[in-house]
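Report on the following structure.
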Amino acid sequence: MRRRRLSLAGQLLALQAVVVLLVVLGLTPVLLVQNDVAFRRTESRRVLATAENVADTRVLEAGLATGTNEGVPGEAERARATSGSSYVLVTDENGEVVHSSNPRDVGTTVTRPGPGRSWVGVVDEDGRSAIEARAPVQAIRARQDVLIGDVVGYVIIGRDYPTLWQRLGTTAPTLLIYVLVGSLVGLGGSLLLSRRIKRQTHGLEPNEIAGLVEHREAMLHGLREGVVGVDTSGRVTLVNDEAVRLLALDGSDPVGRPVAELPLPPSVTSVLAGETGASDLAVASAGRVLVLNQMPVVNQGLRIGWVTTVRDRTELVDLNRQLDVWRSTTDTLRSQAHEFSNRMHTIAGLIELEEYDEVAAFVATQAQARAGWADRVVARVEDAAVAALLVAKGSRATELGVRLDVEDDARLPALADDVSADLVTVIGNLVDNAMEAVAPTQGSVVVGLSCAGHAVEVRVSDDGPGVPDELVERVFAQGFSTKAPGAQGDPGERGWGLALCRVVCERRGGSVDVGRVTRAGDRRTVFTAVVPTDREVSS
């Protein structure tokens, strides 16, 4: 059977009982020592006063001075009974006992410190401890050979030390008071503390709270979404395993650290710290596309922090990339079909007009133009996927009225499939952006490709209006676009091209940036992307 646990009040009461017991055990020696000191101080004064009073009696002086000891036993025993002393001894001036409460001591000789004067102290005899006082008996008149002031004997009075049990019995009332007062105060404090804690914990017992914490930890670390909690001071209060993985925080323990100290992009830091609101906000971090949602944490009407959920959208972006490739292919086929249709109409018209020589010349010219662009690309690009992309982009450029070309020294060997796919994404997005930028002015776009070591460098330049200096750092942000919204008015349909290029490059350990150069008198905007490869490549 499962053992029943004590409630919070029961645990506090048990703890209080243990504390009281420890206090009692600790106080007992202290009280015993205090009682011993008080007993010694009080009894020392008492037995000394009794001894001196007895020594001053005429009966005792006369009996000892004459040597008859007449009246000495009666006076001594009367003093013992009156004072409550344990024993009394009367000796002559040489210390020989002439009377004792114990008859066996009569005739023996006792020695005590300080002959001729009063003395009080503790003596141990026969395994017994006692507080003992000694007072001299002096002659108050001259007799025979005794002069006034001579010591004619001593009075010794003692009080036995109480046993340990007797001292405990004396101390028990004080201990009992301490126990009762401590128990009452502890009981009242335990009940008040228990009620206060229960109010703050919504009536839950410690084991229930522990169970909830364990359940919460299991749920938190079992989620497929990252969760990051931050308090109002900007410090991380909780983070689950998925958030650590998505934000690439494996090398450090983020809990307790300020968000500003974490190795995160500013766009992520501002959201986690509560500086920027987030509702399905897409950001790039550690080569991933992440979607952030932030909610404030409110307790009793007071904001105590923020909780941000982190979802990985990289796979969706990859799918979107594939869709873009298919969309681009569809657009290219549509353009080619439209172009082919126009040319077929021209050929059909020339045939109807029986201009056969013109038909042959027109067909030869178109074939030569098409073959010229394809030959120029294939001569410089050995990777089939990238070459096919550039050839297809040629048709799109023709439709837009844009001049698309590749640099004379452009070279690209065949690459692994994964590298080739990433290059298609990077080149496709950069070329599309460049063509859309120069389409209104019928400008030109030039693609440059080169290899060095374990990386491929892509350069796409155009003679369009360029990127304003104040927007250079923002053009690669998710959702940022200088173009109008999509056909459906959804801003989310724009601003993903350059952001996707950055994600692809950074995921492979590369980079992408933008600058301005002057070539042959033209001021051109150049996007440069570096895509690392797994093995060394050369042009």
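Below, all heavy atoms of this structure are taken into account, side chains as well, without hydrogens, waters or symmetry copies.
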Worksheet entry | side-chain hydrogen bond (donor to acceptor under 3.5 Å, both in side chains) against Thr533, all qualifying residues, sequence neighbours excluded | none
Practice prompt. Locate the shortest heavy-atom distance separating Val402 from Met435; write the atom from each residue and the value.
Written response: CG2-O, 3.9 Å
Discussion item. Tell me every residue that passes salt bridge (Lys or Arg N to Asp or Glu O under 4.0 Å) with Glu382, counting only those two or more places apart in sequence or in another chain.
Written reply: none
Discussion item. Taking side-chain contact (heavy atoms from CB on, under 4.5 Å) as the criterion, tell me which of Val386, Ile427, Val431, Leu412 meets it with Val458.
Written reply: Ile427
Worksheet item: Are the side chains of Val259 and Val236 in touch, meaning some heavy atoms are under 4.5 Å apart?
Response: yes
Response to the item:
Residues at least two apart in sequence or cross-chain that pass side-chain contact (heavy atoms from CB on, under 4.5 Å) with Ala385, listed by chain then number, are Asp383, Ser420, Val424
Discussion item. Would you say that Arg396 contacts Leu404 through its side chain, given a criterion of any heavy-atom pair below 4.5 Å between the two side chains?
Written reply: no
Practice prompt. Calculate, to the nearest 0.5 Å, the distance between atoms CG and OG belonging to Asp405 and Ser444 respectively.
Written response: 8.5 Å
Discussion item. Applying side-chain contact (heavy atoms from CB on, under 4.5 Å), can you list everything that pairs with Ala388, at least two apart in sequence or on another chain?
Written reply: none
Fill in: Heavy-atom closest pair, residues Asp463 and Gly443
OD1-CA, 3.4 Å
Worksheet item: Are any of the side-chain heavy atoms of Thr269 and Leu262 separated by less than 4.5 Å?
Response: no
Discussion item. Is any side-chain heavy atom of Val426 closer than 4.5 Å to one of Cys505?
Written reply: yes
Discussion item. Could you measure the distance from the CG atom of Leu292 to the OG1 atom of Thr309? Nearest 0.5 Å is fine.
Written reply: 7.5 Å
Worksheet item: Do Arg403 and Val438 touch side chain to side chain, with heavy atoms closer than 4.5 Å?
Response: no
Worksheet, complete the sentence: Hits for side-chain contact (heavy atoms from CB on, under 4.5 Å) against Val297, two or more places apart or cross-chain, chain-then-number order -> Ile304, Val307
Item to complete: Identify, with sequence neighbours excluded, every residue that meets side-chain contact (heavy atoms from CB on, under 4.5 Å) alongside Thr528.
Response: Glu457, Arg459, Asp513, Val526
Discussion item. Between Asp462 and Glu436, is there a side-chain heavy-atom distance shorter than 4.5 Å?
Written reply: no
Discussion item. So, taking the atom named CG in Asn240 and the one named CD in Glu225, what distance separates them when rounded to the nearest 0.5 Å?
Written reply: 9.5 Å
Practice prompt. Quick one: pull up OG in Ser461 and CZ in Arg523 and give me the separation to the nearest 0.5 Å.
Written response: 12.5 Å
Worksheet, complete the sentence: Rounded to the nearest 0.5 Å, the OG atom of Ser450 sits from the CZ atom of Arg411 at a distance of 11.0 Å
Worksheet entry | Asp418 and Asp534, any side-chain heavy atoms less than 4.5 Å apart | yes
Practice prompt. Can you establish whether the number of heavy atoms outside Asp409 located under 6.0 Å from its atom CG is more than 12?
Written response: yes
Worksheet item: Can you name the nearest heavy-atom pair linking Cys501 to Asn429, along with the distance?
Response: SG-CB, 3.5 Å
Fill in: Where Arg303 and Pro296 come nearest, the two heavy atoms and their spacing
NE-CB, 3.5 Å
Worksheet entry | Backbone of Trp306 reached by a side-chain donor or acceptor of Gln294 within 3.5 Å | no
Worksheet item: Is there side-chain contact between Arg502 and Val512, with heavy atoms separated by less than 4.5 Å?
Response: yes
Worksheet item: Considering residues at least two apart in sequence or located in another chain, which fulfil the side-chain hydrogen bond (donor to acceptor under 3.5 Å, both in side chains) criterion with Arg235?
Response: none
Worksheet item: Mind checking what makes side-chain hydrogen bond (donor to acceptor under 3.5 Å, both in side chains) contact with Asp231, not counting sequence neighbours?
Response: Ser233
Worksheet item: What residues form a side-chain hydrogen bond (donor to acceptor under 3.5 Å, both in side chains) with Asp408, not counting sequence neighbours?
Response: Arg376
